[in-house]
Amino acid sequence: MTIVSRFAPSPTGFLHIGGARTALFSWLLARHSGGKFLLRIEDTDRERSTQEAIDAILDAMKWLGLDHDGEITYQSERAERHNEVIDQLVEAGHAYYCDCTKEQVDAMREKARAEGRKPKYDGSCREKNLGPGPDRVVRLKAPIDGATAYDDMVKGPIAVNNEEMDDMILRRSDGTPTYNLAVVVDDHDMGVNHVLRGDDHVNNTPRQILIYKAMNWDVPVFGHVPMILGPDKKKLSKRHGALSVMEYEKMGYLPEAAVNYLARLGWSHGDQEIFSTEEMVKLFDTKNLGNSPSVFDLKKFEWVNAHWIKEADPERLADLILDFLAREDGPEAAENAPRTKLLALIPHLQPRAKSIVEMVPQSRPFLVTADQLEYDEKAATKFINDEARPLLEEIRAKIEADSDFTHDSLEAICKGLVEEKELKFKNLAQPLRVAVTGSTQSPSIYDTMLVLGKDETLARLERAVKL
RNA sequence: GUCCCCAUCGUCUAGCCCGGUCCAGGACGUCGGCCUUUCACGCCGAUAACAGGGGUUCAAAUCCCCUUGGGGACGCCA
């Protein structure tokens with residue numbers, strides 16, 4: 001059987017980390033088996049659904065690389081088909097009209113609860129054989145006894161006694177289909193045979209199975225992934241720090257890192273921590289999905305991100321750094337930045353960066369000219385002092401005279417000077433570092449000068465001694 | 001209240017299905033050390049968990065029951 005899975009977000013906000021992970025697992029499930037991954041937008045709640053939210057979700061999925069097959073299904077466009085199915089159900093005797101008022105139903109629920117039972121509609125209209133009419137809803141004629149069971153891909157066997165479930169409404173009194181009905185019809189029509197979704201739908205599953213059975217349709221395989229918790233162990237929500245996945249892009253995370261980290265949150269493959277997306281596709285198996293909720297740990301996410309930054313192609317990192325630079329310093333800063341120099345620098349930055357945003361201040365000194373360089377005040381006062389100035393002047397002269405300007409020649413110059421003056425290396429290296437970068441932190445001093453180039457290094461030394 | 005789900009280091013998890021190889025393994029974090037021209041990286045080491053109680057068994061993290069704790073659901077929302 002070809003696996004067909006889907007992701008079905010309702011467009012009422014951005015795609016947050018929890019939704020992204022559900023989408024990822026569904027995508028992985030399909031891609032692993034060479035099946036199809038479909039996308040359906042559940043926009044039947046006209047009040048809350050927005051085009052902006054749809055775009056935001058699509059953008060986030062694109063960023064993560066979760067491509068879907070075929071056209072996007074919009075649930076709101078399918079009301080006619082939903083109603084057609086409801087009519088079939090009524091005709092077949094699996095559903096019936098009900099004219100109980102909301103107040104009456106509330107009273108029934110109240111009563112049931114008072115008696116210590118699960119609140120539910122009592123089925124008054126089940127056998128009334130009512131026809132369509134104003135203010136009437138259509139309810140499913142659910143089995144009264146027996147149980148509805150299924151084997152959850154992540155939780156294992158789950159069974160619910162049918163008496164726990166009430167005759168749920170399929171069509172509202174205003175003629176619109178309800179969620180549970182719409183989901184079943186859409187999944188069936190789309191050919192979806194594997195449904196992987198959030199934990200909060202476990203209770204809906206037996207109800208939906210009842211609809212499949214009433215229609216005599218094949219029941220898909222279901223799986224419910226546990227939710228993601230905040231550091232306080234509370235469910236991640238907008239109020240509780242659930243950020244849009246795109247916020248992580250803004251914080252300088254790489255999509256492959258996000259995918260890697262998200263996958264490890266609830267899924268495992270032995271002791272392995274680092275997975276490329278291709279590797280995950282190859283190894284993914286719902287058997288290894290965890291069944292307890294997990295806490296989102298930004299520290300570990302950072303570590304994963306640091307790993308993928310080390311692996312990333314410098315050309316791509318250069319583009320990203322320039323994007324961030326443009327955002328922070330304005331477009332002209334990025335346009336004027338010497339890309340070649342940045343490319344030479346990036347391999348030295350990769351081992352020391354946890355995010356792209358961190359790489360921006362580390363790059364900046366290399367992207368401006370000597371006269372634009374900003375010196376960190378503390379660093380300058382501490383290291384560019386009366387002792388350092390003559391040293392820097394001497395170094396400047398030696399570098400000027402050095403026609404090679406290589407790692408080896410620079411090392412020879414510095415080591416020679418250290419020996420000659422009987423200095424500790426850092427008493428030379430730190431002033432030099434501050435002089436050429438404006439900061440106490442940079443890659444190796446030789447690499448730093450090499451990336452800057454001879455002219456720029458000399459210009460900065462000249463400027464530094466006058467500080 | 002009723003039903004459903006969950007429970008291994010601070011965190012993510014392996015192990016649990018098919019009991020012994022687990023006085024519980026890996027990773028993040030934290031702490032210490034090494035490396036070192038700064039910041040990092042890297043390397044080495046340490047820290048720390050089977051929620052509790054009963055069974056079953058020669059033997060239980062693993063199987064069964066109960067308790068506790070957490071979460072979810074109970075809508076003419078999705």
Side-chain angles (χ1 to χ4, degrees), chain A residues 8-10 12 42-45 47-49 75 98 100-102 105-106 109 112-120 135-139 152 154-156 158-161 163-166 168-176 178-180 182-183 198-206 224 226-227 229 231 233-235 261 264-274 287-288 290-304 306 310 348-354 358 362 379 383 414 418 424-430 432-434 437 439-446 448:
Chain A
S10 53
T12 54
E42 305 210 324
D43 54 351
T44 46
D45 188 337
E47 299 285 291
R48 296 193 297 154
S49 300
Q75 194 162 60
C98 163
C100 295
T101 64
K102 195 153 183 8
V105 177
D106 285 345
R109 294 213 165 90
R113 187 189 284 264
E115 289 168 5
R117 288 177 296 117
K118 192 159 178 161
K120 60 183 266 193
D135 293 329
R136 289 184 184 175
V137 300
V138 175
R139 290 181 180 275
D152 196 287
V154 352
K155 292 178 187 294
I158 291 181
V160 177
N161 286 124
E163 59 179 346
E164 294 297 327
M165 293 184 277
D166 66 2
M168 67 180 146
I169 291 176
L170 267 19
R171 177 153 67 214
R172 302 183 185 98
S173 50
D174 68 359
T176 59
T178 57
Y179 167 76
N180 278 119
V183 168
D199 223 348
D200 47 337
H201 288 286
V202 193
N203 292 277
N204 283 326
T205 305
H224 293 91
M227 62 203 164
L229 274 24
K233 300 227 183 187
K234 295 276 184 211
K235 181 181 174 159
Y261 177 68
R264 277 296 286 111
L265 213 55
W267 178 76
S268 63
H269 182 258
D271 286 338
Q272 191 171 343
E273 298 288 350
I274 297 297
K287 268 198 304 207
N288 302 314
N291 49 5
S292 54
S294 27
V295 174
F296 186 83
D297 181 8
L298 200 63
K299 282 283 188 217
K300 188 152 184 181
F301 188 10
E302 270 179 7
W303 175 77
V304 173
K310 290 182 186 71
H348 301 292
L349 255 30
Q350 279 172 299
R352 34 179 45 91
K354 285 205 282 289
E358 272 188 18
Q362 292 169 348
F383 291 103
C414 291
V418 164
K424 279 196 169 178
F425 196 92
K426 66 169 119 181
N427 293 137
L428 172 67
Q430 277 310 75
L432 184 51
R433 189 186 313 280
V434 173
T437 68
S439 142
T440 52
Q441 300 166 21
S442 86
S444 141
I445 191 64
Y446 308 124
T448 297

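Order of the sequence lines fixes the chain letters, A, B, ..., with proteins taken first and strands second; residue numbering starts at 1 for each chain.
When both pairing distances are held under 3.5 Å, B/A27 makes a Watson-Crick or G-U pair with B/U11. Pairing partner, B/A51: B/U67, with both Watson-Crick or wobble hydrogen-bond distances short of 3.5 Å. With a 3.5 Å ceiling on both atom-pair distances, the Watson-Crick or G-U wobble partner of B/A73 is B/U2. Across the strands present, B/C58 finds its partner in B/G20; the criterion is a Watson-Crick or G-U wobble pair with both atom distances under 3.5 angstrom. Nucleotide B/G42 forms a pair with B/C34, judged by Watson-Crick or G-U wobble geometry with both contacts under 3.5 Å.
At the heavy-atom level, A/L265 lies under 4.0 Å from the strands shown only through sugar-phosphate atoms. Nucleic acid contact for A/P226: none, since no nucleic acid atom lies under 4.0 Å from a heavy atom of the residue. Using a 4.0 Å heavy-atom distance criterion, A/K354 is classed as making no nucleic acid contact. Across all strands shown, A/C100 has heavy atoms under 4.0 Å from base atoms, whether or not it also approaches the sugar-phosphate. Heavy atoms of A/T44 sit under 4.0 angstrom from primed sugar atoms or phosphate atoms, though from no base atom. As judged by a 4.0 angstrom heavy-atom cut-off over every strand, A/V137 is placed among the base-contacting residues. In this structure, A/E42 reaches the sugar-phosphate backbone alone: every heavy-atom distance under 4.0 Å involves primed, P, OP1 or OP2 atoms, never a base. In this structure, A/Y446 reaches the bases: a heavy-atom distance under 4.0 Å links it to at least one base atom across the strands shown. Using a 4.0 Å heavy-atom distance criterion, A/R109 is classed as a sugar-phosphate-only contact. Note on A/S292: only backbone sugar-phosphate atoms sit closer than 4.0 angstrom, heavy atoms only; bases stay farther off. A/G156 comes within 4.0 angstrom of nothing in the nucleic acid, heavy atoms only. Nucleic acid contact for A/S268: sugar-phosphate only, since backbone atoms but no base atoms lie under 4.0 Å from a heavy atom of the residue. Within 4.0 Å of A/S294, counting heavy atoms only, lie sugar-phosphate atoms of the nucleic acid but no base atom. Across all strands, A/M165 comes closer than 4.0 Å to no nucleic acid atom at all (heavy-atom distances).
For the pair A/T178/A/M168, no side-chain contact is recorded, criterion being any heavy-atom separation below 4.5 Å from C-beta on.
For B/C18 and B/C6, the C1' atoms lie 23 Å apart once the distance is rounded to whole Å. Comparing B/U62 with B/G70, their P atoms sit 23 Å apart, to the nearest whole Å. The gap from the C1' atom of B/G52 to that of B/G69 amounts to 10 Å, rounded to the nearest Å. The same atom, C1', is picked in B/G26 and in B/U67; the two are 33 Å apart, to the nearest Å. The same atom, P, is picked in B/U36 and in B/A14; the two are 40 Å apart, to the nearest Å. Nucleotides B/G25 and B/C16 are separated by 14 Å at their C1' atoms, to the nearest Å. Rounded to whole Å, the separation between the P atoms of B/A46 and B/A40 comes to 24 Å. Taking atom P on both nucleotides, B/A60 is separated from B/C23 by 11 Å, rounded to a whole Å.
Taking the nucleotide of RNA chain B with the nearest heavy atom to each of A/F296 and A/D174, the more 5' of the two is matched to A/F296. Each of A/N180 and A/Q362 was matched to the nucleotide of RNA chain B holding its nearest heavy atom; the match closer to the 5' end belongs to A/Q362.
If you run side-chain hydrogen bond (donor to acceptor under 3.5 Å, both in side chains) between A/D199 and each of A/K235, A/H224, A/K155, only A/K155 comes through.
Using a cutoff of 4.0 Å between basic side-chain nitrogens and carboxylate oxygens, A/R139 and A/D166 are not scored as salt-bridged. The existence of a salt bridge linking A/K300 and A/E273 is confirmed by a sub-4.0 Å separation between a basic side-chain nitrogen and an acidic carboxylate oxygen.
Mapping heavy-atom proximity under 4.0 Å, the span of RNA chain B touched by chain A runs 5' to 3' from B/G1 to B/A78.
Judged by distance alone, with hydrogens and angles left aside, the side-chain atoms of A/N204 form no donor-acceptor pair with the main-chain N or O of A/N180 at under 3.5 Å.
Of the N and O atoms on the side chains of A/T437 and A/R433, not one donor lies less than 3.5 Å from an acceptor on the other residue.
Between A/K424 atom NZ and A/K426 atom NZ the span is 6.0 Å, to the nearest 0.5 Å.
The aromatic rings of A/F301 and A/Y261 sit parallel, their planes meeting at an angle under 30°, below the 60° perpendicular limit.
Open room surrounds NZ on A/K354; 12 or fewer heavy atoms of other groups in view lie less than 6.0 Å from it.
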